There are 2 protein chains.
Amino acid sequence: MNKFTQFLPILQWGRTYSRAALFNDTVAAVIVTIMLIPQSLAYALLAGLPPEAGIYASIAPIVLYAIFGTSRALAVGPVAVVSLLTASSIAQIADQGTAGYAVAALTLAFLSGVFLVLLGVLRLGFLANFLSHPVIAGFITASGILIGTSQLKHILGVNAQGHTLPEMLMSIFSQLDQINGITVALGTFATAFLFWARGNLKPLMQRLRAGPLVPDLVAKGGPVFAVLATTLAVWAWDLADRGVSIVGDVPQSLPPFTVPGLSTELVGALLMPAILISVIGFVESVSVAQTLAAKKRQRIDPDQELIGLGAANLGAAFSGGFPVTGGFSRSMVNFDAGAETPAAGIFTAMGLAIAAIALTPLVYFLPKATLAATIIVAVLSLVDLSILKKTWIYSRADFVAVATTIFLTLGAGVEVGVASGVAISVVLHLYKTSKPHVAEVGLVPGTQHFRNINRHDVETVSSLVTLRVDESLYFVNARFLEDLIQNRVTEGCAIRDVVLMFSAVNEVDYSALESLEAINARLIDMGVGLHLSEVKGPVMDRLGRSHFLEKMNGDVFLSQFDAWNRLIEAR
Amino acid sequence: MNKFTQFLPILQWGRTYSRAALFNDTVAAVIVTIMLIPQSLAYALLAGLPPEAGIYASIAPIVLYAIFGTSRALAVGPVAVVSLLTASSIAQIADQGTAGYAVAALTLAFLSGVFLVLLGVLRLGFLANFLSHPVIAGFITASGILIGTSQLKHILGVNAQGHTLPEMLMSIFSQLDQINGITVALGTFATAFLFWARGNLKPLMQRLRAGPLVPDLVAKGGPVFAVLATTLAVWAWDLADRGVSIVGDVPQSLPPFTVPGLSTELVGALLMPAILISVIGFVESVSVAQTLAAKKRQRIDPDQELIGLGAANLGAAFSGGFPVTGGFSRSMVNFDAGAETPAAGIFTAMGLAIAAIALTPLVYFLPKATLAATIIVAVLSLVDLSILKKTWIYSRADFVAVATTIFLTLGAGVEVGVASGVAISVVLHLYKTSKPHVAEVGLVPGTQHFRNINRHDVETVSSLVTLRVDESLYFVNARFLEDLIQNRVTEGCAIRDVVLMFSAVNEVDYSALESLEAINARLIDMGVGLHLSEVKGPVMDRLGRSHFLEKMNGDVFLSQFDAWNRLIEAR
């Protein structure tokens with residue numbers, strides 16, 4: 001694989017594109033297109049943008065990802081969490097419905113795109129690992145709850161606001177007297193139908209012995225039926241005149257060419273949100289892509305994924321969209337429908353382009369309550385509070401990270417929630433390593449193996465103390481080791497040698513080196529030898545760059561068994 | 001040791017106080033008092049406060065530390081770095097010389113005191129370990145340069161300002177035309193004399209065959225001679241009328257009872273600076289105390305030290321002082337002069353109280369240039385740029401942390417410098433653990449010991465891959481391991497078993513557990529066994545709380561040698 005095809009994965013799969021793949025990709029594209037039309041409108045609504053922005057955000061980004069991305073089945077476009085983040089970022093600087101709001105959305109997509117491409121080119125994809133699995137799980141769950149709640153206002157026909165759960169609930173409660181009964185009826189019908197359709201439509205079709213593709217098509221088309229039924233109801237009974245909010249005029253057009261705003265002020269205000277959106281979007285997208293790739297023994301390249309998603313966001317910024325990423329549900333549908341290559345994405349984009357030109361007048365009477373129902377049913381699958389129980393059983397530190405992330409995301413907003421989650425994960429990790437587990441070990445009889453004297457039945461010798469330090473030595477725990485050895489050595493007067501077993505020490509940083517020097521100096525004063533055993537190659541190389549090994553009052557042994565034999569013989 | 005004497009160390013040493021200790025402590029107190037008079041005035045000047053504040057800050061705090069602290073020789077009071085931090089924190093909210101400035105200094109001491117006591121009671125002293133040795137070394141060096149530069153204005157007799165090195169230098173350059181020649185002459189004389197005295201006074205006295213104590217007394221009194229000489233010069237020749245800044249009126253009084261300001265606004269503005277001052281002061285103090293304790297095989301208790309320093313700062317807050325901590329130079333002098341118990345501190349406080357009542361009129365004509373000279377000579381010993389070279393040789397990551405700390409402290413101020421140093425140390429540590437060293441190991445012939453196949457001559461078997469993971473598995477590196485194993489296993493078709501040797505794995509967090517589950521699922525699909533060996537007790541306990549071990553496609557072996565024998569036999 002040369003440099004060129006590495007940066008343009010399309011050159012790999014495009015060269016061997018077959019007729020069978022063409023058929024499979026086309027079928028997948030039809031199914032995905034049908035599913036995406038209402039979903040795109042709905043996510044635009046969630047992001048606070050006009051409905052057509054959702055369609056536009058699904059066209060250019062899909063094509064660009066198909067060219068630059070490495071996943072065969074990932075479907076890129078607006079997704080729930082990123083749309084929520086978009087709305088909450090822009091709310092601080094512009095009002096919904098204004099031109100400034102739409103421009104800010106373009107800027108956000110542009111900044112995300114630039115940031116992602118930059119990370120990809122610099123091969124800094126590992127930074128996304130700072131988000132631990134529990135923090136991501138907690139964040140996605142809390143976001144699902146926030147998104148679901150934010151859509152209640154459309155179902156109820158009220159004008160609620162707010163970006164945290166308490167704000168939203170308070171705002172809805174204060175307007176309960178303004179509820180529109182017809183909107184509630186439409187919204188409830190749509191929600192109930194979609195819930196039913198999700199579980200029952202496909203089996204029903206299969207029982208009706210429809211062909212092999214029809215059940216899938218019909219099942220993914222559930223939202224389309226809800227859209228058609230409620231639109232017809234609004235049109236037939238003039239419900240818009242009776243207070244039901246409708247989508248209204250949507251321009252009939254291909255995605256327009258747009259230019260993101262790049263004033264210093266706007267960029268300054270949106271830079272941090274853009275970084276957050278990029279990282280969250282990337283993490284979500286990469287885990288979907290890896291899950292799908294593993295199913296077919298394919299591989300994805302995370303750094304190239306950054307470039308693919310970055311290109312998709314730049315595409316959104318210049319074609320009237322807003323921030324996008326690889327979505328879980330749309331990718332699963334694409335994969336299940338048999339998509340073999342990113343060409344399926346290109347065909348989907350074509351389908352959506354046709355919809356943008358030809359079908360937009362049909363959604364004039366579509367009630368916003370139906371779109372809200374689509375979102376609610378979609379995001380409820382994101383909510384999984386079982387992560388709280390799982391982490392509680394496994395590790396309290398992980399539990400604290402999840403619980404804080406969920407609590408702060410709901411109570412103080414998405415930015416605060418995810419930032420606190422990351423900070424807490426890091427601090428808890430450092431805390432755990434600050435008081436490392438240190439085992440005093442002895443020889444397992446009949447072997448050359450050494451284990452903890454408190455857990456195993458082992459041989460020991462009173463003149464020789466062997467401490468196995470179960471952590472890398474670095475600034476956070478350097479002083480701990482000093483105190484520990486001082487305490488252990490002053491406690492037993494027969495001690496003539498201390499061996500530090502370094503089998504679990506993967507690093508000795510400069511702070512720890514200074515601590516080892518201090519320990520050595522003190523042991524010299526006390527007439528006790530200091531030895532190391534099982535020091536790993538990289539650690540040995542590093543220690544060799546200092547004067548510690550020359551000054552050390554003892555030897556370095558290849559294995560702990562060597563140390564044991566030689567130090568006992570010597571006495 | 002019961003709970004009561006643990007919190008009141010004075011009850012331990014006080015009970016056995018001997019006549020010999022009384023004599024030694026008194027001698028030490030006299031020497032330290034002589035040294036502290038000019039030093040206290042000078043550090044008050046550095047903190048932007050009236051000179052008497054420096055004396056007051058050395059009386060109550062010393063006594064309180066003697067009661068609550070655990071170090072026998074630590075001398076508490078104003079120190080250079082903390083005084084600098086005090087000045088730069090208060091500068092943002094009040095002008096020097098105003099009543100608000102003095103009240104802010106009291107508040108800063110109060111908040112530091114409360115924070116330190118709180119950390120001590122909650123036994124959170126380990127938090128100070130987040131400051132790595134290189135970051136501290138870099139910060140102290142940069143602070144020394146900043147402090148020295150800040151005093152140049154007093155030597156030159158100009159009115160320079162600024163809290164970063166470029167600001168200070170620009171400000172001084174812009175006023176070079178206003179230099180006062182007489183001030184420069186006095187300042188230069190004082191600086192030169194103090195430099196000479198530091199190295200030459202004690203040997204000179206010894207050559208003159210003075211008694212055993214006299215050389216010490218005279219040497220520590222160097223600053224007193226400089227003070228006397230320059231004060232007399234100003235008085236005799238009326239230099240104050242010719243533009244030389246003098247100390248002026250200092251009230252003749254014991255420390256007054258003062259109350260720190262506790263308005264929400266003031267506390268809000270000073271909380272973060274107070275935390276920073278506390279942590280920096282604590283780290284400096286504890287390392288001095290540990291160094292001195294180690295010399296006499298004594299121990300200090302870091303958590304009790306927090307309480308001692310907290311009490312000292314609360315004392316400063318209610319007696320007209322400003323933030324204090326254990327100082328290196330005054331503690332060394334105290335220790336070298338033979339102080340045996342904290343009673344030496346109490347006697348020093350008495351000496352300073354007498355000075356505050358009786359001697360303050362004598363410093364009316366003392367030129368500020370002399371105090372500046374005292375500070376410059378004192379802080380130059382803090383400047384040690386060799387840490388840059390040492391860390392460069394040993395570890396680039398530590399070098400980056402030091403260099404950034406020095407650069408940002410000089411260029412952007414003390415708060416930014418130290419905060420960046422901590423942040424960079426943490427991020428670099430996480431980065432290092434994000435791509436851990438993983439060694440493929442084989443059996444060292446004739447032993448039961450396994451080492452890296454690339455570094456040692458070892459036996460291997462093609463159906464068995466053993467990977468020794470040299471890092472704890474946690475969120476930052478969980479995905480790395482997944483990719484690594486996937487790559488290694490797809491590369492060799494004869495592989496039938498993978499053993500993960502966990503001798504260096506000290507933790508498996510929830511993210512890593514999910515990664516292990518993903519690895520296991522993939523290996524099951526490929527018909528490859530997954531085994532663990534040398535899993536440590538705490539890690540095994542934790543894994544036992546999940547379902548991973550039940551689902552694992554293989555066994556857990558006590559030693560790698562067991563795994564080797566059993567898996568080879570099985571084939």
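None of these values were measured; they are calculated from a predicted model. Naming convention: chains lettered A, B, ... in sequence-line order (proteins, then strands); numbering from 1 in each chain.
B:Asp301 CG to A:Asp483 CG: the interatomic distance, rounded to the nearest 0.5 Å, is 9.5 Å. The NE2 atom of A:His449 sits 11.5 Å away from atom NE2 of B:His449, with the distance rounded to the nearest 0.5 Å.
Looking at B:Lys432, only its side chain comes within 4.5 Å of chain A, counting heavy atoms on both sides. Looking at B:Val444, neither its backbone nor its side chain comes within 4.5 Å of chain A, counting heavy atoms on both sides. At a 4.5 Å heavy-atom cutoff, the contact between A:Val286 and chain B is made by side-chain atoms alone. A:Arg479 touches chain B through its side chain: at least one heavy atom from C-beta onward sits under 4.5 Å away, while N, CA, C and O do not. Only the side chain of B:Ser434 comes within contact range of chain A, with heavy atoms under 4.5 Å apart. With a 4.5 angstrom heavy-atom cutoff, B:Thr433 does not touch chain A via any of its atoms. For chain B, no part of A:Val505 is nearby; none of its heavy atoms comes within less than 4.5 Å. Both the backbone and the side chain of B:Asp509 come within contact range of chain A, with heavy atoms under 4.5 Å apart. The contact between B:Ile387 and chain A is made entirely by side chain atoms (from C-beta outward), counting heavy-atom distances below 4.5 Å. Neither the backbone nor the side chain of B:Val441 comes within contact range of chain A; no heavy atoms are under 4.5 Å apart. Neither the backbone nor the side chain of A:Leu428 comes within less than 4.5 Å of any heavy atom of chain B. Residue A:Leu558 touches chain B through both its backbone and its side chain, counting heavy-atom pairs closer than 4.5 Å. Neither the backbone nor the side chain of A:Val402 has a heavy atom closer than 4.5 Å to any heavy atom of chain B.
Of the listed residues (A:Ser515, A:Ala397, A:Pro134), the greatest number of heavy-atom pairs within a distance under 4.5 Å of chain B belongs to A:Pro134. For the set B:Asn454, B:Val426, B:Asp398, the count of heavy-atom pairs under 4.5 angstrom toward chain A peaks at B:Asp398. Chain B forms the most heavy-atom pairs under 4.5 Å with one residue out of A:Glu482, A:Arg451, A:Gln560, A:Lys435, and that residue is A:Arg451. Of the listed residues A:Tyr510, A:Phe561, A:Phe399, A:Phe502, the one with more heavy-atom pairs under 4.5 angstrom with chain B than any other is A:Tyr510. Here A:Asp541 is the residue among A:Thr447, A:Val427, A:Val135, A:Asp541 with the most heavy-atom pairs under 4.5 Å with chain B. Per-residue heavy-atom pair counts under 4.5 Å with chain A were compared for B:His456, B:Lys390, B:Lys536, and the maximum is reached by B:Lys536. For the options A:Tyr431, A:Phe475, A:Phe480, A:Tyr394, heavy-atom pairs under 4.5 Å to chain B are most numerous at A:Tyr394. Ranked by non-hydrogen atom pairs under 4.5 Å with chain B, the options A:His133, A:Glu534, A:Arg468 are led by A:His133. Per-residue heavy-atom pair counts under 4.5 Å with chain A were compared for B:Arg542, B:Glu514, B:Arg545, and the maximum is reached by B:Arg542.
B:Asn506 contributes a side-chain N or O that, together with a main-chain N or O of A:Asp470, makes up a donor-acceptor pair within less than 3.5 Å.
Residue A:Ser132 comes nearest to B:Ser511 through the heavy atom pair CB-OG, 3.5 Å, listed as atom of the first residue, atom of the second, then distance.
The shortest distance between side-chain heavy atoms of A:His437 and B:Glu507 does not fall below 4.5 Å.
The aromatic rings of B:His429 and A:His429 lie parallel to each other, with less than 30° between the two planes, well short of the 60° mark.
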